Amino acid sequence: MTTLVVGASGDTGMKLVEQLLIRKQNVKIIVRSAEKLPESWKNNERVHIIIASILDLSDLEMAKYVHGCDAVASCLGHNMNLKGIYGQPRRLVTDTARRLCSAIKTNTPEHPVKYVLMNTTGNRNRDLKEPISFAQKCVIGLIRLLLPPHVDNENAADYLRTEIGQDNQFIEWIAVRPDGLINEDEVTDYTIHSSPIRSAIFDAGKISRINVGHFMANLICDGDLWNKWKGQMPVIYNQSTQN
Ligand SMILES: NC(=O)c1ccc[n+]([C@@H]2O[C@H](COP(=O)([O-])OP(=O)(O)OC[C@H]3O[C@@H](n4cnc5c(N)ncnc54)[C@H](OP(=O)(O)O)[C@@H]3O)[C@@H](O)[C@H]2O)c1
């Protein structure tokens, strides 16, 4: 199986690629620079490194790169500096999802391709009843106004939910919603829920990036797990910080 990972040079993207390699998967990555990548990837025949800025690719190039991929995973996120938050591309995550899905459709694959989006507990799954307090609504409203990357994350999940939908011939999707991201070296116990079990704003839990990568890799490699969560937005917390 081959998975295309975008955002593979990021802290979570790297963990996802490592987890896919542990599962003996072939991985294609599209990164702006190879500088941060582990040396071991550069000589690994299972890793195909493409150096490009994802949204600069032509439609033809996108279709070429997703061709033959069983899954596509996005761990993209805006860099947390002024340029990353307020500069272009404002719609990095959404436009990438839209263009990669369009490339998948162009290729008319025999089996649906899995699209796994790294999203956030700050976003709600509007297919479900996910009530939030008035105070949280106000804060999220402010975040929407002040932080364009949050709107981008919301729009990306909405694109999959409403435009790809539940019955697409060529694409199935899952939007994984991590709570507060932390760094850990080892996979630990974690729990998965259909909706947040705590406030993402006033009582955020924690989840390690390696656990997010582990879960995303399991979704891609385990058909039963995929079928359990496809078309949904599972929330992930470290077991140790859940209570
Ligand atoms: N922080 C939290 O607690 C939290 C919680 C839940 C969800 N999230 C979401 O998860 C995302 C990923 O988190 P992370 O910590 O793994 O992020 P990260 O380390 O900042 O990685 C971001 C990735 O996106 C790429 N990227 C950024 N701007 C780009 C552009 N203009 N064109 C192409 N690629 C671009 C980066 O590439 P370069 O290496 O080339 O810059 C990098 O590969 C966050 O951004 C956020 O939306 C965060």
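Both counts, for ligands and for their atoms, begin at 1 and track the order of listing. Note that the coordinates shown come from a computational prediction; the quantities given were computed from them, not determined experimentally.
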Charged N to carboxylate O under 4.0 angstrom, Arg161 versus Asp127?
yes

Glu18: what forms a side-chain hydrogen bond (donor to acceptor under 3.5 Å, both in side chains) with it, not counting sequence neighbours?
Trp41

Mind checking side-chain hydrogen bond (donor to acceptor under 3.5 Å, both in side chains) for Gln166 and listing every partner two or more places apart, or none if nothing turns up?
none

With rounding to the nearest 0.5 angstrom, report the CG to OG distance, Leu100 to Ser74.
8.0 Å

Going by the side-chain hydrogen bond (donor to acceptor under 3.5 Å, both in side chains) test, which pairs reach into residues 105-116, not counting sequence neighbours?
none

What residues come within 4.0 Å of ligand 1, counting heavy atoms only?
Gly7, Ser9, Gly10, Asp11, Thr12, Arg32, Lys36, Ser53, Cys75, Leu76, Gly77, His78, Asn79, Pro89, Leu92, Met118, Asn119, Thr120, Asn153, Pro178, Asp179, Gly180, Leu181, Arg209

Look at the side chain of Ser102 and the backbone N and O of Arg98, then say whether any donor-acceptor pair between them is shorter than 3.5 Å.
no

